[in-house]
Amino acid sequence: MLKERQAMRITINGQPRETTRSTVAAILQEINLSPERVVVELNRSILPRDLFAETSLSEGDALEIVQFVGGG
Amino acid sequence: MLKERQAMRITINGQPRETTRSTVAAILQEINLSPERVVVELNRSILPRDLFAETSLSEGDALEIVQFVGGG
Amino acid sequence: MLKERQAMRITINGQPRETTRSTVAAILQEINLSPERVVVELNRSILPRDLFAETSLSEGDALEIVQFVGGG
Amino acid sequence: MLKERQAMRITINGQPRETTRSTVAAILQEINLSPERVVVELNRSILPRDLFAETSLSEGDALEIVQFVGGG
Amino acid sequence: MNELKIADRTFSSRLLVDTGKFSSNAAMVASMEGSGCEIVTVALRRVDIDNPKDSILSHIDRTKYLLLPNTSGARDAEEAVRLARLARAAGCEPWVKLEVTPDPYYLLPDPIETLKAAQILVKEGFVVLPYINADPVLAKHLQEAGTATVMPLGAPIGTNRGVRTRDQIAIIIEQATVPVIVDAGLGAPSHAAEAMEMGADAVLVNTALAVARDPGKMGEAFRKGVEAGREAYLAGLGEQREKAESSSPLTGFLRD
Amino acid sequence: MNELKIADRTFSSRLLVDTGKFSSNAAMVASMEGSGCEIVTVALRRVDIDNPKDSILSHIDRTKYLLLPNTSGARDAEEAVRLARLARAAGCEPWVKLEVTPDPYYLLPDPIETLKAAQILVKEGFVVLPYINADPVLAKHLQEAGTATVMPLGAPIGTNRGVRTRDQIAIIIEQATVPVIVDAGLGAPSHAAEAMEMGADAVLVNTALAVARDPGKMGEAFRKGVEAGREAYLAGLGEQREKAESSSPLTGFLRD
Amino acid sequence: MNELKIADRTFSSRLLVDTGKFSSNAAMVASMEGSGCEIVTVALRRVDIDNPKDSILSHIDRTKYLLLPNTSGARDAEEAVRLARLARAAGCEPWVKLEVTPDPYYLLPDPIETLKAAQILVKEGFVVLPYINADPVLAKHLQEAGTATVMPLGAPIGTNRGVRTRDQIAIIIEQATVPVIVDAGLGAPSHAAEAMEMGADAVLVNTALAVARDPGKMGEAFRKGVEAGREAYLAGLGEQREKAESSSPLTGFLRD
Amino acid sequence: MNELKIADRTFSSRLLVDTGKFSSNAAMVASMEGSGCEIVTVALRRVDIDNPKDSILSHIDRTKYLLLPNTSGARDAEEAVRLARLARAAGCEPWVKLEVTPDPYYLLPDPIETLKAAQILVKEGFVVLPYINADPVLAKHLQEAGTATVMPLGAPIGTNRGVRTRDQIAIIIEQATVPVIVDAGLGAPSHAAEAMEMGADAVLVNTALAVARDPGKMGEAFRKGVEAGREAYLAGLGEQREKAESSSPLTGFLRD
């Protein structure tokens with residue numbers, strides 16, 4: 001409720017973004033990415049998948065969300 | 001004089017041509033070709049250069065006039 | 001009988017040879033060659049296999065007996 | 001005089017050697033090497049040519065004497 | 001023995017496939033199937049947030065293919081190590097095809113940074129397959145650093161020129177104690193066969209498959225080319241000779 | 001269609017085998033079997049009267065292999081014609097691999113005498129497969145004379161050097177209306193694959209098989225090499241390029 | 001001796017130049033001068049009656065250069081003979097570069113028609129320099145027919161590819177009793193040098209000069225290339241070796 | 001401009017000569033003279049105390065030739081640096097041809113140790129000419145480290161095989177900001193010419209001269225080969241083309 005009101009500014013893959021979601025899991029859900037298919041760096045350190053749900057975001061956090069693509 | 005009146009049809013390098021000139025030498029002169037720089041076939045046989053002057057042409061004769069060009 | 005006595009000189013594959021056999025078939029038999037596996041030239045002309053038996057040899061005849069071998 | 005008597009053991013180019021000469025210059029002279037054509041390491045440090053004469057040797061010193069040869 | 005052993009795993013196929021540049025996932029899968037490969041490489045890239053595509057993983061049957069993450073895009077050791085760690089975090093086994101290519105134009109590997117990254121990654125327990133220029137001395141350094149293979153290039157990536165570095169590759173093969181996998185530049189089955197005939201342990205192909213009119217059939221063609229080269233190597237090839245030599249006995253009846 | 005058609009016959013194999021120089025008949029047969037070939041060439045020679053060997057025919061299953069007599073040993077058209085006629089008299093079908101090689105040293109074919117013999121033999125109803133230097137104009141003359149194929153050499157017989165006449169072979173393939181069979185000099189499966197990738201209709205091999213440590217296995221290797229090259233030709237090979245081209249998307253997260 | 005002898009004449013230059021395709025007569029002359037050549041070829045063509053150009057002869061100093069008419073354009077022996085006779089009638093010495101090229105596309109020489117024309121022209125007293133495919137047996141036939149040289153091609157005309165027919169050229173050189181002049185395809189001084197190092201007696205160049213940015217300077221470059229190759233041939237080149245060999249004595253003080 | 005500039009010196013010759021493997025000092029000097037070189041390399045070795053030979057320096061006119069000490073024999077950076085310092089102590093200018101070859105068999109250069117030594121020597125004020133594998137990325141690292149040139153190998157030392165690393169050399173030349181000197185493997189003037197035609201700034205030769213029957217004449221041959229290649233590069237070479245192109249105008253009178 002309250003939370004909903006507090007929006008914060010973070011960066012995802014180099015793009016600034018406003019969000020009200022408080023966890024990495026929630027962010028992924030917001031942008032329709034299933035956690036299994038991506039890897040996430042939070043402020044340049046790798047975030048293990050099983051911590052997505054409990055890891056909350058703060059103003060100014062930088063997320064890198066990457067996935068596998070074809071390439072040699 | 002008289003000669004001048006009698007025009008005949010011959011072929012030079014594949015092109016039909018009307019001429020009143022009666023010798024190969026005269027033809028070459030007509031088309032501004034110095035004898036030294038060309039070789040002439042009259043009806044498919046080579047005509048030595050020193051016969052140009054005395055060789056007279058008749059209706060239907062075929063002349064080939066060739067010269068050297070660059071080429072390998 | 002009589003025949004047996006009359007020996008003649010022929011050439012086989014370049015080698016002179018004395019024989020009392022009178023036909024190509026007999027010669028082949030003498031040198032243990034089965035007709036099916038060889039080709040025979042008699043005096044430089046090919047002798048069809050089915051004529052081996054009836055073709056009699058005369059003094060001075062030249063036979064070439066060849067066969068297939070490996071080779072490319 | 002006295003000196004002459006005191007022989008010491010040094011190493012030159014990996015070979016042990018007894019000598020009574022006391023300086024690098026003297027050693028080079030002993031083995032007929034003109035100083036200009038060689039470079040000398042004394043105990044693994046390069047010895048400038050102009051110090052050959054004043055540099056005296058002690059028991060156990062190791063000399064490397066090298067020169068230029070053809071080679072690429 | 002005719003199996004390929006890399007680190008602690010054995011493979012019956014000696015052909016590795018990169019997954020880049022295919023016109024479609026279907027073409028990629030068809031080519032993988034045709035090729036009979038057991039190892040496929042994949043790259044890591046940013047998700048396009050506004051328009052996320054489905055992951056390549058949903059198209060690759062990981063019970064059939066070992067996923068080999070590469071570090072393509074890395075320009076120095078630090079970036080390569082970062083990519084390798086991300087790949088492992090993604091749940092891949094700790095195998096990595098190490099690529100460090102500072103020059104975005106020719107994409108040639110960096111010997112210095114590649115060795116540096118290899119030393120770090122080996123320490124972290126990765127099975128490292130480094131992509132390198134055909135440099136026998138560098139190959140030895142990497143081997144001593146503990147890499148699982150060396151992957152010298154046959155020709156610059158995507159040129160389809162074949163084994164242009166033949167002399168150096170031959171020396172690497174002669175001296176290597178780890179599998180030698182010829183990578184990059186192999187544009188036709190004859191190129192793959194040539195590398196195998198020289199004694200290479202395996203080859204890696206991508207462009208030639210991806211740009212083929214029929215990637216599936218081309219995969220098969222490369223599979224056969226690799227097998228042909230391997231079998232010829234085992235069967236013992238003859239020497240090249242200066243002089244012609246008849247294959248028929250020359251004595252004959254034609255001239256006495 | 002992927003069958004090879006020569007004259008009025010079709011073959012599923014695109015590899016022809018010469019039977020010379022094998023260490024034993026067993027080795028020859030093993031190599032033929034392994035290669036999957038359907039056409040094998042044989043030569044004609046005098047029987048050694050004092051010590052006749054058994055005929056090679058007793059080792060070749062003629063229900064499986066088409067026997068293609070060659071005119072090896074012939075130094076001019078007359079000798080070649082004589083050999084072809086003898087072969088037919090031996091009960092072979094009227095097919096002949098025409099070889100006229102006046103030089104006993106390099107065994108290179110004679111363009112003049114080969115054309116002359118071809119003209120005679122075609123008139124006599126032979127299916128003529130002439131062995132020639134890689135000469136596109138000569139190939140056209142032979143075609144016009146009615147030969148069933150042209151068989152340009154890749155390199156001098158027995159040199160194992162591969163397709164050294166690549167430029168000329170490419171022109172022959174481009175212009176030919178009869179099958180082009182690359183003959184002589186192919187020393188490894190990669191060479192055979194290369195010829196097939198260029199669009200050759202078939203290849204003929206001998207020395208590489210005969211001198212192999214394991215002729216049977218080498219036969220298999222060549223079979224696969226030929227199939228690989230053929231399939232790659234049909235699947236559409238990419239161009240060779242001067243510049244490298246990445247097989248990974250280069251946009252990435254590493255550098256913003 | 002280091003002079004080139006053709007028929008009864010000797011030349012100090014071993015580089016022949018064709019006069020085709022130059023952007024201007026000035027460029028052609030500059031290139032001839034730079035090259036130091038002593039023989040230049042010219043072709044015969046119809047005069048354009050309506051717009052006669054000045055003859056190339058007015059640009060070539062015939063006291064310095066031997067004019068070698070060629071039969072370019074001839075598609076068979078008859079046309080070639082006709083052109084040779086016309087050239088002689090034009091007052092040239094009876095020398096002819098014999099070219100018979102039925103295929104207007106690749107301009108490859110016809111072995112059959114070239115031999116036929118050579119036999120006729122030799123009988124008529126011509127000094128015949130035939131342009132041929134790199135065919136050692138054909139070269140022998142021409143030699144026996146009395147030609148003054150043989151001129152095998154290095155690569156198809158105008159391709160600038162160099163000595164692509166190396167194996168065959170080497171055999172021709174080994175067997176020839178007349179001068180061997182490598183013609184066509186030599187696109188750089190290194191190509192000319194290579195031919196000379198192999199033992200060729202001379203080379204003929206055209207396209208590489210005509211298309212150069214600076215034909216005069218390129219002429220000089222080829223002159224030096226030909227001399228370099230010739231001198232290296234005379235000075236005795238070393239063998240190519242498989243193994244590296246140090247050029248420094250390896251015993252040293254660094255490691256006892 | 002046609003002068004070669006290395007560090008702060010300019011040279012009119014683009015051919016460097018190594019002094020190894022000559023049969024005699026006379027042969028070496030003759031070859032140097034013939035070659036017109038201005039830079040010759042020399043190595044450092046232990047004096048044989050029991051039987052000192054006269055120094056090579058007594059045979060080299062240092063007013064004509066710049067003495068370039070090399071570090072041959074060095075197996076790592078430390079040994080190379082030690083040799084370079086000794087050479088300077090010997091009174092040479094602080095120029096060094098940096099060679100680090102851990103493998104005594106193929107004598108291939110070590111990219112890691114070579115870069116390390118180069119960084120040290122540049123700091124100590126040496127003009128460093130490093131011998132390297134044909135590795136464009138390594139060449140860039142060395143350039144950034146401040147070396148005066150890069151010297152990629154054409155083929156392993158002493159093989160006489162020519163520019164076998166052509167693709168990589170071309171990239172090095174395209175990207176280099178310091179002179180590129182092709183070193184090792186050049187066995188004939190045509191090889192040297194080829195390197196120069198590609199745009200190399202100079203070449204270094206040894207074995208080909210030392211093993212020649214006539215080293216002096218071979219020196220001249222290489223001088224001309226290098227000049228030929230350089231001039232051709234400046235004069236603008238034509239492209240290689242797939243298709244033949246006539247050097248005669250094809251329109252003619254023969255066929256209307």
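Within every chain, numbering begins at 1; the chains are lettered A, B, ... in the order of the sequence lines, protein sequences first and strands thereafter.
Looking at G:A210, neither its backbone nor its side chain comes within 4.5 Å of chain B, counting heavy atoms on both sides. Both the backbone and the side chain of B:I31 have a heavy atom closer than 4.5 Å to some heavy atom of chain G.
Among G:L57, G:T19, G:I60, the one residue that satisfies the side-chain contact (heavy atoms from CB on, under 4.5 Å) test with B:F68 is G:L57.
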Query - side-chain contact (heavy atoms from CB on, under 4.5 Å) between G:R46 and B:E64, worked out - result: CA-CA 7 Å; G:R46 248 181 192 164; B:E64 280 293 344; 2.8 Å; yes
Report task. Determine, stepwise, if the pair B:E41 / G:R85 fulfils side-chain contact (heavy atoms from CB on, under 4.5 Å). Result -> CA-CA 11 Å; B:E41 275 185 351; G:R85 290 170 179 160; over 6 Å; no
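Heavy atoms only, all atoms of each residue included: B:I46 and G:A89 are closest at CG2-CB, 3.4 Å. Heavy-atom minimum distance, B:I65 versus G:I49: CD1-CD1, 4.3 Å.
By the 6.0 Å contact criterion, CD on G:E33 is enclosed, its count of non-hydrogen atoms from other residues, nucleotides or ligands being greater than 12.
Using modelled atom types, one side-chain atom of G:N70 and one backbone atom of B:G71 make a donor-acceptor pair closer than 3.5 Å. A side-chain donor-acceptor contact under 3.5 Å links B:N13 to the backbone of G:V47.
Considering only heavy-atom pairs separated by less than 4.5 Å from chain G, the leading option among B:R44, B:R17, B:E36, B:Q15 is B:R44.
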